[in-house]
Structures are given as structure tokens and as C-alpha cells.
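Working notes for the structure below.
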Amino acid sequence: MKERLLEKDNVKALCMSASEQWETYLPLKSIGGDTHFIKLDGKDRELLADKLNLEYESLVVPPKFILFPQLESLFKFEGEKIIETVKPAAKKLLFGLRACDVKGLKFIDDFFKRNFEDIYYLSRSADKLLVIVGCKSPAENCFCTSAKTGPFLENGFDLQLVDIGERFVVEIGSERGKEFVDTYQQFFAEASKNDLERSKSEKHSVEQKVSLSLDFEKAIERFCEDKVPEQMYERIAERCIYCGGCLYVCPTCTCFNVFDERRENSGRRYRNWDACVFEGYTREASGHNPRLEKWIRTSRRYEHKLKYDYLTTGMSGCVGCGRCLSSCPVNIGISQVIEEVTKQ
């Protein structure tokens, strides 16, 4: 599909216009300087849009929370009556995603559809448009080029924007993306041959800025062949404080718990994020825990990401974003594990 041009000065107006028809989520700079995806909503939409930040290095919290909230109500119950709380599907525009986070969203899509269709997730994700804005300055701990998850994608997106100065070259990756461009055609122009050459050059330049290089394929191979020694997990377990921070910021983690909040004869059932490294995650009703030892829970995390996910889906559960290392108070990241495994 033919590329388009989008002037940077028109991005805010485009998002404001789209927010009249779409639930529009943008990366906005908040108090403290962090950037988060926030819904463009209410009477303060224009003030919110002024905080748009498309040049962020990395989001602290991945945008998966838009489709898979940290805490959500599943249903209410009153006596023997159950009242569903599934919201009707709404059109969602996620504008300003990084390529690795789009890969993460695709991974979560697969998880919630694989064995059964999760109605709560699907009600949020069924009608979404994913717009990548490619990195200009990849984060220090990023290794997306090794994981083949960025900084730009060849497919799997609706629109992908490449920064060429005062404008973006807009690559159209789906029919939905083309429909969006056609609907808001007043904001787009034709891209020239020179624009496309600059776009190609910019992509190459950004790829060279990803300084952390790993033998990702070799690591996957060693995990799948069970060639990772227990001693490595034991060393990690000695340092890990099991705060769960790496899992809460991971764009592909899907572990959750379910609990009831009850008052007399009524209440609600909730779902909330959980983490496989927590001791209570696999504790059984009898009190027995098949993963009582810390190193076994550690091995579960890394084998899940780099073995079982790959064997089940053909996709790794790691997208190379580096958030786990950035968030870890004791400086443990999956990139370090990959380096150790591939040097053996």
C-alpha cells in the first residue's frame, strides 16, 4: 500500500479529530517526567493532547493495561443471580506505540484466544487500531534488533510512522490502516521518492543505535534443548528479592489471580495481575506448593519466556524491551540471562 506523509504539526489535530469516533490513547508526559498511555477524554482533551510525547525512550508500564487491566471486575452476584459486567466493544486507537509493544500486544492477543476466547479481553481488544511511531533513541537496555521485534516492523501493524524531521512517512500495514488514512485524508499527503529514501535511511540509522546485541536465537535453542544448568537459576534466586517488578512491567506477562469481594449476600468477582515467581502463585488448596524453592520459581519464569512460549506459539515471550532490567532493584535482567546461556 502506498506510503503517505503526516506533518508533525498535524498530529495533535489528527488525534483530536479521531477521538470523536475512537477511544484514543496517546503517550502523554505526566508528573515526574514519565510517559504513560492515557485516554484522550472529557472536556480537557485538548490540554491532555498538549502533553503528547512521541519521542519517549520507553514506557514504564507497557500499554497492555489498556486491553488487560491490572484489576478488573468480571461480574457481580446478588444471592444466586450473576450479573455480567462485560462492556460492549469500543473502537480503540492506540497511537504512538513502539514496535516491541505491538509485538507484546500480539502475543497477549494469542494467549487470550488460544484455548478459549476470553470475553473480557475480547470486549476491549476486538476493535483496535495500532499505530507505531518508530524509535529515534532506543533505550539503553533495549535489544529489539536481536529479538527481531523492532525498532521497526515489516508487518503486524496498522500504521507505522517513521520520523524524517518535520514530517512522518506513514507506512500502511493493513486494510484497517488504509481506511483510517482515507477517513482522515485531510491530514495526509503523498510521499515523494525522496521522502521514502529518507525514511529508509532513518530506519537504518536507528537500528545502529541499538547498542545491546545478543545471540537471541542461540538462547532459544539452548532453552528448548534443556541445556541451561540449575546452578544459573540458583545464583539468580540468591539475588532476586521476588518483588515482581520485572513481571508487572513486562509487555507479555499474562499471569492473573481471581478473587471475590463479598458483603453478606452480594459482591463482585475480580481478576488482577499476578506473578509466577511469587510463592503463593502455585500454592494448592491443601497447602502443598510444588514450587516452594526459589530457584524453581526462577526457572519457571525464564523457561516460560524463552522455551515454553516458543514451543507453544513459535513466538518468544520476550520482546527485547529491556524493562525487566531497568525496573530491577538488584540489577537482574533477561538480557543478562541470555548472555550467560549463550556463552556456555
Side-chain angles (χ1 to χ4, degrees), residues 1-15 18 26-27 35 52-59 63 93-107 129-217 251 315-316 318-322:
M1 298 183 188
K2 197 169 183 180
E3 292 87 348
R4 301 288 196 277
L5 273 185
L6 173 63
E7 297 285 341
K8 287 186 176 179
D9 288 343
N10 287 337
V11 171
K12 176 183 173 182
L14 169 63
C15 293
L26 304 175
T35 297
L52 179 65
N53 177 22
L54 295 176
E55 297 188 1
Y56 64 90
E57 281 192 357
S58 178
L59 300 170
L93 170 63
L94 280 64
F95 189 104
L97 297 164
R98 294 295 185 246
C100 58
D101 281 330
V102 168
K103 282 289 190 179
L105 292 174
K106 295 293 185 181
F107 182 93
L129 190 79
L130 306 180
V131 181
I132 295 172
V133 176
C135 294
K136 284 184 67 69
S137 302
E140 178 185 4
N141 295 320
C142 167
F143 53 99
C144 62
T145 50
S146 299
K148 295 182 172 57
T149 57
F152 300 91
L153 298 182
E154 296 297 322
N155 52 58
F157 58 86
D158 295 304
L159 298 173
Q160 180 167 252
L161 278 57
V162 184
D163 190 332
I164 59 168
E166 297 302 314
R167 301 181 297 277
F168 291 108
V169 169
V170 182
E171 299 174 353
I172 301 173
S174 71
E175 286 297 329
R176 292 290 307 279
K178 183 177 184 304
E179 290 173 11
F180 182 86
V181 169
D182 289 344
T183 300
Y184 301 100
Q185 58 184 302
Q186 68 270 29
F187 297 106
F188 298 93
E190 294 292 329
S192 68
K193 184 177 180 180
N194 182 55
D195 294 324
L196 299 183
E197 287 298 323
R198 289 183 64 188
S199 172
K200 184 178 179 181
S201 175
E202 178 63 23
K203 284 184 175 183
H204 179 73
S205 175
V206 174
E207 287 173 0
Q208 300 309 305
K209 293 179 183 178
V210 181
S211 57
L212 183 54
S213 179
L214 304 170
D215 195 340
F216 199 81
E217 292 183 4
M315 296 184 290
S316 165
C318 174
V319 297
C321 67

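The analysis underlying the following values was restricted to heavy atoms, covering all of them including side chains, and did not include hydrogens, waters or symmetry mates. In this chain, numbering begins with 1 at the start of the sequence shown.
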Hey, are the side chains of [X] and [Y] touching, using non-hydrogen atoms and a 4.5 Å cut-off?
{"X": "L153", "Y": "Q160", "value": "yes"}
{"X": "F107", "Y": "V319", "value": "no"}
{"X": "L212", "Y": "S146", "value": "no"}
{"X": "V206", "Y": "D163", "value": "no"}
{"X": "P151", "Y": "T145", "value": "yes"}
{"X": "C142", "Y": "C100", "value": "no"}
{"X": "L93", "Y": "F180", "value": "yes"}

* Pick one: which of L161, L159, V11 meets side chain to side chain contact (heavy atoms under 4.5 Å, CB included) with V133? ->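 Single side chain to side chain contact (heavy atoms under 4.5 Å, CB included) partner of V133 among L161, L159, V11: L161.
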
About how many Å separate [atom2] of [Y] and [atom1] of [X], when rounded to the nearest 0.5 Å?
{"X": "L130", "Y": "L105", "atom1": "CG", "atom2": "CG", "value": "6.0 Å"}
{"X": "F95", "Y": "L26", "atom1": "CZ", "atom2": "CG", "value": "7.5 Å"}
{"X": "L97", "Y": "L54", "atom1": "CG", "atom2": "CG", "value": "10.5 Å"}
{"X": "N194", "Y": "S199", "atom1": "CG", "atom2": "OG", "value": "11.0 Å"}
{"X": "S192", "Y": "R198", "atom1": "OG", "atom2": "CZ", "value": "9.0 Å"}
{"X": "K8", "Y": "R167", "atom1": "NZ", "atom2": "CZ", "value": "10.0 Å"}

* Under the salt bridge (Lys or Arg N to Asp or Glu O under 4.0 Å) test, which residues partner E3, sequence neighbours left out? ->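 Residues passing salt bridge (Lys or Arg N to Asp or Glu O under 4.0 Å) with E3: none at all.
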
* Tell me the salt bridge (Lys or Arg N to Asp or Glu O under 4.0 Å) pairs involving residues 174-185, sequence neighbours left out? ->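 Only D127-R176, K178-D182 qualify under salt bridge (Lys or Arg N to Asp or Glu O under 4.0 Å).
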
* **Qualifying salt bridge (Lys or Arg N to Asp or Glu O under 4.0 Å) pairs with a residue from residues 97-107, counting only residues at least two apart or across chains** =>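 Every salt bridge (Lys or Arg N to Asp or Glu O under 4.0 Å) pair that includes a residue of residues 97-107, provided the two are not neighbours, is D101-R323.
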
* Would you indicate whether Q186, at its atom CD, is surrounded by more than 12 heavy atoms from other residues, nucleotides or ligands within a distance under 6.0 Å? => yes

* **More than 12 heavy atoms of other groups within 6.0 Å of K209 NZ** =>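 Check passes, neighbour count above 12.
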
* Could you tell me which residues satisfy ring pair (Phe, Tyr, Trp, His ring centres under 6.0 Å) with F187, sequence neighbours excluded, listed by chain and number? =>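 Result, ring pair (Phe, Tyr, Trp, His ring centres under 6.0 Å) vs F187: none returned.
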
* **By side-chain contact (heavy atoms from CB on, under 4.5 Å) - contacts of S211 (at least two apart)** =>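 S211: no side-chain contact (heavy atoms from CB on, under 4.5 Å) contacts found.
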
Please report the shortest heavy-atom distance between [X] and [Y], naming the atom on each side.
{"X": "P27", "Y": "Y56", "value": "CB-CE2, 3.6 Å"}
{"X": "S174", "Y": "G177", "value": "OG-N, 3.0 Å"}
{"X": "P251", "Y": "C321", "value": "CD-SG, 3.8 Å"}
{"X": "L196", "Y": "V169", "value": "CD2-CG1, 4.1 Å"}
{"X": "F143", "Y": "C318", "value": "CZ-SG, 3.7 Å"}

* With sequence neighbours left out, which residue pairs that include part of residues 148-157 fulfil the side chain to side chain donor-acceptor pair (under 3.5 Å) condition? ->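 Residue pairs with at least one partner in residues 148-157: K148-E217.
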
* Asked: Would you say the side-chain atoms of R4 pair up with the backbone N or O of F188, donor to acceptor, closer than 3.5 Å?
  -> no

* Backbone N or O of V131 within a donor-acceptor pair of the D158 side chain at under 3.5 Å? -> no

* Test applied, salt bridge (charged side-chain N to carboxylate O under 4.0 Å, His left out); reference residue, K136; option that passes from E55, E207, E57, E202 ->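 Checked E55, E207, E57, E202 against K136; only one passes salt bridge (charged side-chain N to carboxylate O under 4.0 Å, His left out): E202.
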
